[in-house]
Amino acid sequence: MDREERPDPTPAAAQPKNQDVVEKPAKAPKPSYREGKRAFTAWAPTEAYRQLKRMAADRDTTVQALLEEGMDLVFAKYGYDQIARQ
């Protein structure tokens, strides 16, 4: 058998298909309240997480607001500007 006559050993499912390239949709713009801010993750024991959620509910506020308050308290303790609630 000639090289040109040999069947392609690649299974049909693994072969690339000639389809139009689909572009990813553009990202939605950031909401204005997120401008100039960055997200970060912190790990805490499950019970601490639940307690924080209860505190927020009991005070009719958000976990975000409590975390900002906590960051400002830590900043003040170590002599930094309290800038988390800007």
| note | Output for pair (I83 CD1, M71 CE), nearest 0.5 Å, gives 9.0 Å
| So, for T62 and A56, which heavy atoms are closest and what is the spacing to 0.1 Å? | C-CB, 3.8 Å
| remark: Rounded to the nearest 0.5 angstrom, the CE-CD distance for M55 and Q51 is 7.0 Å
| message | With heavy-atom distances below 4.5 Å as the criterion, would you say the side chains of F75 and D81 are in contact? | response | no
| message | Taking atom CG as the centre, does D58 end up with more than 12 heavy-atom neighbours from other residues, nucleotides or ligands that are less than 6.0 angstrom away? | response | yes
| query | Do R54 and E47 meet the salt-bridge criterion of a basic N to acidic O distance under 4.0 Å? | reply | yes
| Least distance between heavy atoms, E68 atom then A84 atom | O-CB, 3.5 Å
| message | Can you tell me if Y49 has over 12 outside heavy atoms packed within less than 6.0 Å of its OH? | response | no
| request: Verify the neighbour count for atom CZ of R85: are there more than 12 heavy atoms of other residues, nucleotides or ligands below 6.0 Å? | output: yes
| message | Grouping I, L, V, M, F, W and Y whenever their side-chain heavy atoms are under 4.5 Å apart, do V63 and F40 come out in a common cluster? | response | no
| said: Side-chain heavy atoms nearer than 4.5 Å, only ILVMFWY residues, links allowed to pass through others: does that put Y80 and V74 together? | reply: yes
| Measuring from E69:CD to T61:OG1, what's the distance to the nearest 0.5 Å? | 8.5 Å
